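The structure under discussion appears below in the form of C-alpha cells.
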Amino acid sequence: MISVSSFADPSPYPPLCVERPNSGYAAEMLSNIGACSSEMSTISLYIYNNTVLAEQNPEYAQIFQKMSMVEMRHLHTFARLAHMLGADPRLWTCSGKRPCYWSPACNRYPLKLSALIKNACQGEQETVLKYRCQAEHIRDAYVVDLLNRIILDEQLHVQIFQEMLKDIGQ
C-alpha cells in the first residue's frame with residue numbers, strides 16, 4: 001500500500017500569459033494538447049486505467065483518477081496558451097500545414113497491472129523530456145515558467161508510479 005498526499009506539486013502556478021503571439025510556440029502548445037504524446041492522451045489513458053482497475057485495485061484506480069484531474073489542468077493551461085499565442089485550441093496538432101486531430105488510437109492500453117503502470121510511467125517520463133526541450137528553446141518567459149511548473153507535477157507522477165511499481169514488486 002502506498003501513501004500519496006498530493007498529486008500536484010505544492011508550488012504555485014505562474015501567471016497564465018504570453019509576451020506576444022507566436023505561431024511557432026502556439027504549434028508547440030497544440031502538440032501538448034492534441035498530439036499522440038499529449039495531455040489529452042494522458043487524460044484518456046488515466047480514465048481508462050481508472051475504469052479497468054476499479055474492481056481489482058480500487059486504490060490504484062483512485063490514483064489514476066486524481067492524476068487525471070491534474071492533467072486536465074495542464075490541458076486547460078496549454079489550450080489557453082495556444083489560444084493566446086494565436087492558435088485555434090482544438091484537440092489537434094500541426095503536421096506540416098495540415099491539422100491532425102487527436103485520437104484515442106494514440107494510446108496503448110495494457111491490462112496487466114505492472115505493464116499498465118510502466119506504460120503510464122514511461123509516458124510521464126517522455127512528457128518531462130518533451131517539456132524540458134520546449135522550455136530550453138522557447139524564448140517567452142511566461143510560457144517557459146508554465147512549462148517548468150507543469151514539469152514539477154509530471155515528475156511527481158513519475159515518483160508515484162515508481163512507488164506503485166515497488167509496491168507490486170516490480
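Atoms considered below: every heavy atom in the structure, side chains included; atoms not considered: hydrogens, waters and symmetry mates. Bear in mind that the values here come from a model prediction, so they are computed numbers and not experimental data.
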Quiz item: So, do Tyr131 and Phe78 have ring centers that fall under 6.0 Å from each other?
Solution: yes
Trp92 meets the ring pair (Phe, Tyr, Trp, His ring centres under 6.0 Å) criterion, sequence neighbours left out, with Tyr101
Across all chains, not counting sequence neighbours, the ring pair (Phe, Tyr, Trp, His ring centres under 6.0 Å) partners of Phe64 are Tyr46, Phe161
Contacts satisfying disulfide bond (SG atoms under 2.5 Å apart) that involve residues 27-67 (not counting sequence neighbours) are Cys36-Cys106
Value for CG (Asn119) from CG (Leu111), rounded to nearest 0.5 Å, stands at 11.0 Å
Quiz item: Looking at side-chain heavy atoms only, is the closest gap between Leu53 and Leu113 below 4.5 Å?
Solution: yes
Verdict with supporting geometry, Ile117 and Gln170, side-chain contact (heavy atoms from CB on, under 4.5 Å): CA-CA 10 Å; Ile117 296 168; Gln170 294 289 312; over 6 Å; no
- prompt: Looking only at atom types and distance, does a side-chain atom of Lys130 sit under 3.5 Å from a main-chain N or O of Ser37, one as donor and one as acceptor?
  reply: yes
Residue set satisfying side-chain contact (heavy atoms from CB on, under 4.5 Å) with Asn107, at least two apart, ordered chain then number -> Ser41, Ser44, Leu45, Tyr109
Residue set satisfying disulfide (SG to SG under 2.5 Å) with Cys17, at least two apart, ordered chain then number -> none
Residue set satisfying side-chain contact (heavy atoms from CB on, under 4.5 Å) with Lys166, at least two apart, ordered chain then number -> none
Between Ala82 and Ala26 the two heavy atoms that sit nearest each other are O-CB, 3.9 Å
Taken in chain and number order and not counting sequence neighbours, the residues that satisfy side-chain contact (heavy atoms from CB on, under 4.5 Å) with Asn148 are Ala135, Val144, Ile151
Does Asp88 offer a backbone N or O that forms a donor-acceptor pair with the side chain of His83 under 3.5 Å?
-> no
Beyond-backbone contact of Glu154 with Gln125, side-chain heavy atoms, under 4.5 angstrom
no
Interatomic distance, OG@Ser38 vs CG@Leu91, rounded to 0.5 Å, equals 7.5 Å
Between the CE atom in Met84 and the CG atom in Asp140, the distance rounded to the nearest 0.5 Å is 10.0 Å
- Message: Would you say that His74 contacts Asp153 through its side chain, given a criterion of any heavy-atom pair below 4.5 Å between the two side chains?
- Response: yes
Salt bridge (charged side-chain N to carboxylate O under 4.0 Å, His left out) filter on Arg108, not counting sequence neighbours, yields none
Within the supplied structure, the quantity of interest is the number of heavy atoms (other residues, nucleotides, ligands) at a distance under 6.0 Å from Tyr142 OH; does it exceed 12?
no
Applying side-chain contact (heavy atoms from CB on, under 4.5 Å) to Thr77 and not counting sequence neighbours gives Leu16, Arg73, Leu81, Leu146, Ile150
For Glu28 and His137, what are the C-alpha separation, side-chain angles and deciding distance, and is it a side chain to side chain donor-acceptor pair (under 3.5 Å)?
-> CA-CA 11 Å; Glu28 299 228 30; His137 79 270; 2.4 Å; yes
Under a 3.5 Å cutoff, is there a donor and acceptor pairing between the side chains of Gln134 and Asn32? yes
Discussion item. Check for me, please, whether Met72 and Met67 land in the same ILVMFWY cluster - side-chain distances under 4.5 Å, paths through other members count.
Written reply: no
One should read off an interatomic distance between Glu163 CD and Cys121 SG, to the nearest 0.5 angstrom, of 11.0 Å
ask   = How about Glu55: does its CD atom have over 12 heavy atoms from other parts shown lying under 6.0 Å from it?
value = no
Note to self: Looking only at side-chain N and O atoms, does Asn50 offer a donor or acceptor that is under 3.5 Å from a partner on Tyr60?
What the structure shows: no
Sorted by chain and number, sequence neighbours left out, salt bridge (charged side-chain N to carboxylate O under 4.0 Å, His left out) with Arg80 holds for none
Value for CG (Leu156) from CZ (Phe7), rounded to nearest 0.5 Å, stands at 8.5 Å
(request) Say whether Ile43 and Val52 are linked into one hydrophobic cluster, either directly or through other cluster members, by side-chain heavy-atom distances under 4.5 angstrom. (result) no
Under 3.5 Å side-chain donor-acceptor pair for Gln122 and Glu126 | yes
Original post:
Quick one: do the Glu71 and His157 side chains pair a donor with an acceptor below 3.5 Å?
Top reply: yes
Here the gap from Arg132 atom CZ to Thr127 atom OG1, rounded to the nearest 0.5 Å, amounts to 11.5 Å
Q. Is there a side-chain contact between Val70 and Lys66 (heavy atoms, below 4.5 Å)?
A. no
For a 4.5 angstrom cut-off between non-hydrogen side-chain atoms, does Met29 reach Val143? yes
**Item:** Non-hydrogen side-chain atoms of Thr93 and Ile33 separated by less than 4.5 Å
**Value:** no
Handout entry: Arg149 side-chain N/O to Ser11 backbone N/O, donor-acceptor pair under 3.5 Å
Key = yes
### Message
When you group the ILVMFWY residues by side-chain heavy-atom contacts below 4.5 Å and let the links chain together, are Val128 and Leu165 in the same group?
### Response
no
So side-chain hydrogen bond (donor to acceptor under 3.5 Å, both in side chains) across residues 14-24, not counting sequence neighbours, yields none
Sequence neighbours excluded, the answer for disulfide (SG to SG under 2.5 Å) partners of Cys133 is none
Open item on the list: Between Ile63 and Ile47, is there shared hydrophobic-cluster membership here, with clusters defined by ILVMFWY side-chain heavy atoms closer than 4.5 Å?
Closed with: no
